[in-house]
Amino acid sequence: MAEKVTLQTGHEGGVKGQVSAYFSRLKGGDMGALPAMAAVIVLMALFANLSPYFLTEINIANLFVQSAVLMVTAMALVFVLLLGEIDLSAGVTAATGMALFVKLTNTGWDWPVALALGFLVGLVTGWVLGMFVAKIGVPSFVISLAFYLGFPGVMLIILGSGGILRLEVEPIKAIMNVNLPVWGGWAVLAVTVIVALVLSVWDRSRRLRVDLPVRPMIFLVAKIVAYLVVGGGIVFMLNLPRSLVAANPIRGVPIVVPIVILLMFAGTFVLNRTRFGRYLYAVGGNPEAARRAGINVARIRIYAFMITSTLATMGGLMHISRIGAVEAAAGKIIVLSAVAAAVVGGVSLFGGRGKLFNAAIGAIVISIIDNGLGLMGFPAGVSFIVTGVVLALAATVDALARKRAPGMRI
């Protein structure tokens with residue numbers, strides 16, 4: 001009787017094999033978020049040397065808050081970018097939903113009901129976009145551009161001639177303007193590490209149950225240690241007093257941080273551990289092959305647009321929380337920056353490759369550029385130029401990587 005052999009050290013062998021395979025993937029063009037992570041390190045070191053205010057407690061806290069809206073919108077767009085599609089209307093869809101929310105609350109509606117209707121705007125818009133793309137065959141660029149041009153008019157009708165309404169709901173204002181207590185930041189870190197550990201062990205046990213190869217345990221330990229070190233450093237810094245007025249100390253992790261972490265964990269779970277996520281990658285990689293495999297391609301596309309519009313509406317909620325109002329011009333710029341963030345982070349414009357983490361890292365890169373140049377006194381125009389150059393470089397790397405990847409689509 002032949003001996004049964006079960007690989008339990010990964011597809012590429014042990015630690016040495018894993019490292020060798022990783023560098024082989026890099027040479028093949030699959031760099032993931034590595035360039036963006038390197039950019040974060042380089043940019044932080046650069047601006048720390050150029051501005052004495054960059055690494056201060058108050059600026060780091062502001063950086064997390066400033067990047068939250070862009071990060072959530074970029075993560076939302078990942079779902080359609082994985083299909084090789086685009087949703088230019090995500091920003092104005094979110095703004096329209098929030099305009100309806102603020103209008104209803106200002107006229108006496110209970111804010112939870114009004115908020116649910118605001119998110120319903122995003123959900124229905126995503127369904128309509130998905131139907132046009134998946135069922136009728138209208139290019140996503142064209143139909144989303146139509147909504148991008150039309151929704152500002154809807155917002156003007158909702159908001160009235162002034163074009164702006166003040167947000168009066170205190171719990172919503174708190175999302176971007178209130179901090180957790182000092183112990184709350186450590187609690188968030190503990191929960192994050194525990195959830196990451198449980199999910200990793202669960203994935204490993206499922207693979208071992210069916211005799212599938214897994215990576216060496218050292219990689220799991222290294223990931224958890226990285227969470228503890230990086231997360232612990234961030235929580236420690238954010239818990240330091242950062243108020244300019246000693247009599248009124250401000251400290252603690254902003255409430256928006258655990259919200260973004262929750263959204264990232266939930267979205268990553270959907271993409272990596274559900275049938276829908278597997279189908280989404282399959283459709284983005286090769287829609288015809290996915291169709292022949294029995295996947296309902298049209299349904300996957302519709303669901304992806306619905307998730308994008310709904311999650312983008314969460315970004316819109318964060319935006320009005322930060323500025324305390326909703327205006328008719330909201331949402332026009334953020335979607336372009338969000339696409340840039342996703343691409344800079346390593347999400348492929350051609351579909352089939354990318355993660356929410358990629359989009360989040362790309363958003364941090366763009367936010368650091370904007371924040372650092374602002375601290376140095378450069379005008380906003382310079383920030384736009386630098387961001388455009390970074391996007392062009394990222395898109396070029398993506399295109400070259402696709403040419404080097406085996407079995408690429410033409």
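The first residue of the sequence shown is numbered 1, and numbering continues consecutively from there.
No side-chain heavy atom of Phe147 sits under 4.5 Å from any side-chain heavy atom of Val92. In this structure the side chain of Val142 never reaches within 4.5 angstrom of the side chain of Phe132, judged on heavy atoms. Here the side chains of Met217 and Arg204 are in contact, with some heavy-atom distance below 4.5 Å. Taking the side chain as every heavy atom from C-beta outward, Phe47 and Tyr53 never approach each other to under 4.5 Å. Side-chain atoms of Val270 and Phe276, non-hydrogen and from C-beta on, do get closer than 4.5 Å to each other. Residues Val382 and Pro379 meet the side-chain proximity criterion, which asks for heavy atoms closer than 4.5 Å. Two residues are said to be in side-chain contact when any heavy atoms from C-beta on lie closer than 4.5 Å; Asn179 and Val253 fail this criterion. Annotation: side chain of Ile250 is not in contact with side chain of Ile58 (no heavy-atom distance under 4.5 Å).
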Full working for side-chain contact (heavy atoms from CB on, under 4.5 Å) between Leu356 and Leu263: CA-CA 9 Å; Leu356 297 192; Leu263 292 174; over 6 Å; no
Leu271 and Tyr281: CA distance, side-chain angles, deciding distance, side-chain contact (heavy atoms from CB on, under 4.5 Å) verdict: CA-CA 8 Å; Leu271 288 178; Tyr281 281 106; 4.1 Å; yes
side-chain contact (heavy atoms from CB on, under 4.5 Å) assessment of Met44 paired with Ile368: CA-CA 7 Å; Met44 291 194 70; Ile368 289 176; 3.7 Å; yes
Stepwise side-chain contact (heavy atoms from CB on, under 4.5 Å) test for Phe151 and Thr93: CA-CA 7 Å; Phe151 264 146; Thr93 297; 3.5 Å; yes
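Heavy atoms of other residues, nucleotides or ligands lying less than 6.0 angstrom from CE of Met37 number 12 at most. By the neighbour-count criterion of 12 heavy atoms within 6.0 Å, atom CZ of Phe54 is densely surrounded, having more than that number from other residues, nucleotides or ligands. Residue Trp186 places its CH2 atom among more than 12 non-hydrogen atoms of other residues, nucleotides or ligands, all under 6.0 Å distant. Applying the 6.0 Å contact sphere to CZ of Arg291 captures more than 12 heavy atoms from other residues, nucleotides or ligands. By the neighbour-count criterion of 12 heavy atoms within 6.0 Å, atom CZ of Arg273 is densely surrounded, having more than that number from other residues, nucleotides or ligands.
A donor-acceptor contact shorter than 3.5 Å is absent between the side chain of Ser51 and the backbone of Ala48. Checked by atom type and distance alone, the side chain of Thr313 pairs as donor or acceptor with a backbone atom of Ser309 at under 3.5 Å. No side-chain donor-acceptor contact under 3.5 Å links Thr268 to the backbone of Phe265. The closest donor-acceptor contact from the side chain of Asp370 to the backbone of Ser367 lies at 3.5 Å or more, if one exists at all. With hydrogens and angles ignored, the 3.5 Å screen pairs no side-chain donor or acceptor of Thr310 with any backbone N or O of Ile307. The closest donor-acceptor contact from the side chain of Asn272 to the backbone of Gly277 lies at 3.5 Å or more, if one exists at all.
With rounding to the nearest 0.5 angstrom, the CZ atom of Arg301 is 8.5 Å from the CZ atom of Phe305. In this structure, Met155 CE and Leu165 CG are separated by 12.0 Å, a value rounded to the nearest 0.5 Å. Rounding to the nearest 0.5 Å places CD1 of Ile366 at 5.5 Å from CG of Leu70. A distance of 9.0 Å separates OG1 of Thr125 from CG of Leu120, quoted to the nearest 0.5 Å. Interatomic distance, Thr105 OG1 to Glu168 CD, rounded to the nearest 0.5 Å: 8.0 Å. For the atom pair CG of Leu156 and OG1 of Thr96, the computed distance is 10.0 Å after rounding to the nearest 0.5 Å.
A pairwise comparison of heavy atoms in Ile302 and Ala134 identifies CG1-CB, 4.0 Å as the closest pair. Residue Gly126 comes nearest to Met306 through the heavy atom pair C-CG, 3.7 Å, listed as atom of the first residue, atom of the second, then distance. Minimum interatomic distance between Ala68 and Val260 (heavy atoms only, all atoms of both residues): CB-CG2, 4.2 Å. Summarising the geometry of Met314 relative to Phe119, their closest heavy-atom pair is N-CE2, 3.7 Å, with the distance given to 0.1 Å. Shown here for Ile295 and Ala282, the closest heavy-atom pair between the two residues is CD1-CB, 3.9 Å. Closest approach of Pro258 to Leu180, counting heavy atoms only: CG-CD1, 4.0 Å.
Sorted pairs that involve residues 89-109 and meet ring-ring contact (aromatic ring centres under 6.0 Å, His included), not counting sequence neighbours, are lacking altogether.
Defined by atom type and a distance below 3.5 Å, a donor-acceptor pair is missing between the side-chain atoms of Asn371 and Asn62.
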Taking only distance into account, with no hydrogens and no angle test, what donor-acceptor pairs under 3.5 Å do side-chain atoms of residues 71-89 form with protein atoms, sequence neighbours excluded?
residue, atom, partner, partner atom, Å
Thr73, OG1, Val69, O, 2.8
Glu85, OE1, Ser140, OG, 2.7
Asp87, OD1, Ser89, N, 3.0
Asp87, OD1, Ser89, OG, 2.6
Asp87, OD1, Ala90, N, 3.4

Listed pairs under 3.5 Å, donor-acceptor, residues 317-336 side chains, sequence neighbours left out:
residue, atom, partner, partner atom, Å
Ser321, OG, Ile172, O, 2.5
Ser321, OG, Lys173, O, 3.2
Ser321, OG, Met176, N, 3.1

